Number of protein chains: 2
Amino acid sequence: MPDPFQLRRVRVERSPLEVFEQFLRRRGKRMTRQRRLIIDQIFTHHDHFDADELLAHLQEMINKRLVSRPTVYRTLSDLVAAGLLRRMSIGGRSVYEYQYGYPSHDHLFCQGCNQLSEFQSPAMEKLCDRVARQYDFQVLGHRLFVIGICARCRAAGRTPEEQTEAPGPFLR
Amino acid sequence: MPDPFQLRRVRVERSPLEVFEQFLRRRGKRMTRQRRLIIDQIFTHHDHFDADELLAHLQEMINKRLVSRPTVYRTLSDLVAAGLLRRMSIGGRSVYEYQYGYPSHDHLFCQGCNQLSEFQSPAMEKLCDRVARQYDFQVLGHRLFVIGICARCRAAGRTPEEQTEAPGPFLR
DNA sequence: GTGACTGCAAAGTCTTTGCACGCGG
DNA sequence: CCGCGTGCAAAGACTTTGCAGTCAC
């Protein structure tokens with residue numbers, strides 16, 4: 001059985017830092033100490049994360065007053081604009097994941113543990129394209145969340161919390 | 001070419017109001033004038049909407065002080081809990097759509113006009129199930145957003161705004 | 001009559017913005 | 001040195017909550 005938790009990066013020619021530097025240069029923007037810190041922190045992890053989690057990882061730097069909250073938010077937006085990250089939303093907050101150097105994938109969302117995991121499915125890509133063609137819709141990408149209960153939670157007898165908050169996708 | 005904009009309700013035995021009344025009764029809750037107003041307003045429209053849009057439709061009632069903002073929010077949550085609505089998020093806000101008496105479907109999201117439309121694809125349902133089985137994941141449902149440009153926007157030469165905000169899904 | 005519901009105002013969360021200073025190129 | 005970037009504080013957008021009066025049952 002394939003493990004959905006282990007997508008590996010695809011090989012890319014330039015490092016995220018290089019890509020970002022070029023992005024900044026093209027726009028007459030600057031590479032700063034803060035931006036470098038944030039990129040380092042992000043691209044040494046392989047996760048879905050939100051600004052707060054990133055801030056937690058940067059906590060030490062924040063304590064040392066090396067990065068501030070607004071700068072983290074601003075940089076995250078820049079990284080999305082640069083195509084390095086993708087932004088989603090879960091539970092009303094923005095959540096980010098790798099885009100550059102990371103394979104296209106879909107998500108499994110477990111209602112037992114609220115974990116987001118990933119899987120790849122070429123068939124899914126094809127089906128999206130086929131459906132879109134039917135509706136004369138030019139596809140730029142897609143977001144799929146399969147919602148349910150993971151094996152671990154089922155084994156633990158953990159059932160979804162009451163449907164007070166039904167899972168639902170979010171575009172931004 | 002099928003029109004994605006025209007899903008029609010499926011026939012159901014009980015009206016949304018009846019379902020909600022039963023839901024309330026079972027929980028020792030009460031059917032109030034406000035809740036009736038909100039349900040009426042919602043189930044005479046066929047849309048995706050958020051609390052503010054609903055509030056706008058209820059504006060007259062609000063002006064007359066017949067419903068308040070917190071009550072709208074509270075009732076929307078109740079309707080989700082009752083299985084009448086589904087909640088998603090777009091752009092950082094909760095967005096609702098029909099659940100009860102409405103067929104299962106997926107979404108096309110146009111980056112040109114930010115319109116959300118719907119389509120049905122049995123193949124998609126099957127594929128989700130098949131993929132989930134592979135990962136030993138018990139499926140409760142899924143959310144799919146195909147992101148791109150609709151025919152109308154393409155014809156109008158409208159391209160997506162710059163990737164400042166990449167579309168991304170949102171679970172809640 | 002009892003206790004759930006409402007409206008109001010206020011608080012909470014997450015995110016963005018205005019502004020003066022600091023620093024990259 | 002020019003002007004972009006940062007940090008601070010404050011504002012903003014959306015949603016939730018505490019509380020006292022009101023209304024459904």
Side-chain angles (χ1 to χ4, degrees), chain A residues 17 20-39 49-56 58-59 61-82 85 87-96 164-165 168 170-172, chain B residues 17 20-39 49-56 58-59 61-82 85 87-96 164-165 168 170-172:
Chain A
L17 186 63
F20 195 43
E21 277 173 337
Q22 174 173 347
F23 170 84
L24 293 173
R25 229 174 291 125
R26 279 211 208 128
R27 302 198 169 200
K29 297 181 155 198
R30 293 165 186 174
M31 175 54 71
T32 63
R33 182 174 41 72
Q34 289 88 334
R35 285 173 175 168
R36 231 184 313 263
L37 276 172
I38 291 169
I39 287 213
F49 61 91
D50 60 28
D52 268 343
E53 293 177 89
L54 179 54
L55 281 159
L58 289 169
Q59 197 54 53
M61 284 92 189
I62 292 172
N63 291 340
K64 292 182 188 161
R65 294 286 126 89
L66 291 177
V67 207
S68 71
R69 183 174 297 270
T71 294
V72 169
Y73 277 99
R74 284 186 282 233
T75 302
L76 285 173
S77 290
D78 290 338
L79 290 171
V80 170
L85 295 180
R87 169 189 273 147
M88 310 176 285
S89 260
I90 300 191
R93 57 210 302 165
S94 289
V95 171
Y96 299 84
T164 311
E165 305 221 323
F170 181 106
L171 294 169
R172 160 151 191 162
Chain B
L17 187 62
F20 195 45
E21 277 172 338
Q22 173 173 347
F23 169 85
L24 293 173
R25 229 175 290 124
R26 280 211 206 127
R27 302 199 167 198
K29 297 181 154 200
R30 293 163 186 177
M31 174 53 71
T32 62
R33 182 174 39 74
Q34 288 88 336
R35 285 174 176 166
R36 231 184 313 262
L37 277 172
I38 292 170
I39 287 213
F49 61 90
D50 60 27
D52 267 343
E53 293 176 88
L54 179 55
L55 281 160
L58 290 168
Q59 197 55 53
M61 285 92 189
I62 292 173
N63 291 340
K64 292 181 188 163
R65 291 288 126 89
L66 292 177
V67 207
S68 71
R69 183 173 296 271
T71 293
V72 168
Y73 277 100
R74 284 186 282 231
T75 302
L76 285 173
S77 291
D78 290 338
L79 290 171
V80 171
L85 295 180
R87 168 189 275 146
M88 312 176 285
S89 259
I90 299 191
R93 57 212 300 166
S94 290
V95 171
Y96 300 83
T164 311
E165 306 219 323
F170 180 107
L171 294 168
R172 162 150 188 164

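Keep in mind that this is a model prediction, so the values were computed, not measured. We name chains A, B, ... by the order of the sequence lines, and we start the count at 1 in each one.
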Whole angstrom is fine here: how far is it from [atom1] in [X] over to [atom2] in [N]?
X	N	atom1	atom2	result
B/M88	D/dT15	CE	C1'	18 Å
A/F49	C/dT15	CZ	P	12 Å
A/L76	C/dT15	CG	P	9 Å
B/F20	C/dC5	CZ	C1'	12 Å
B/R93	D/dT15	CZ	P	6 Å
B/E21	C/dC5	CD	C1'	16 Å
A/R27	D/dG3	CZ	C1'	18 Å
A/D78	D/dT6	CG	P	8 Å

Report summary line: Hits for side-chain contact (heavy atoms from CB on, under 4.5 Å) against A/Y73, two or more places apart or cross-chain, chain-then-number order -> A/A51, A/R69

Would you call [X] and [Y] a side-chain contact if the rule is heavy atoms closer than 4.5 Å?
X	Y	value
B/Y96	B/L76	yes
A/F20	A/D78	yes
B/S77	B/R87	yes
A/E21	A/R36	yes

Report summary line: Rounded to 10°, the helix from C/dG1-D/dC25 to C/dG25-D/dC1 deviates from straight, judged by its five-pair end axes, by 40°

**Report entry** For the student: nearest non-hydrogen atoms of B/R30 and B/L24, plus distance
**Finding:**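 Minimum heavy-atom separation between B/R30 and B/L24: O-CD1, 3.5 Å.
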
According to a strict under-4.0 Å criterion, is [X] in side-chain N/O contact with OP1 or OP2 of [N]?
X	N	answer
B/Q34	C/dG7	yes
B/R35	C/dC5	yes
A/Y73	C/dT16	no
B/S94	D/dC14	no

Requested in this report: Could you tell me whether the side chains of B/R35 and B/T71 share a donor-acceptor contact shorter than 3.5 Å?
Outcome: no

Report summary line: For nucleotides 17-25 of chain C, 5' to 3', base contacts (B), sugar-phosphate-only contacts (S) and non-contacts (-) with protein non-hydrogen atoms under 4.0 Å give BB-----BS

Requested in this report: For B/R74, enumerate each residue passing the salt bridge (Lys or Arg N to Asp or Glu O under 4.0 Å) test, keeping only those at least two apart in sequence or located in another chain.
Outcome: none

Query raised in the report: Where each residue is assigned the nucleotide of DNA chain C containing its nearest heavy atom, which of B/T71 and B/G28 is assigned the position nearer the 5′ end?
Result: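 Of the two residues, B/G28 wins.
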
Query - Partner residues of B/T32 under the side chain to side chain donor-acceptor pair (under 3.5 Å) criterion, sequence neighbours left out - result: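 Side chain to side chain donor-acceptor pair (under 3.5 Å) check on B/T32 returns nothing, list empty.
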
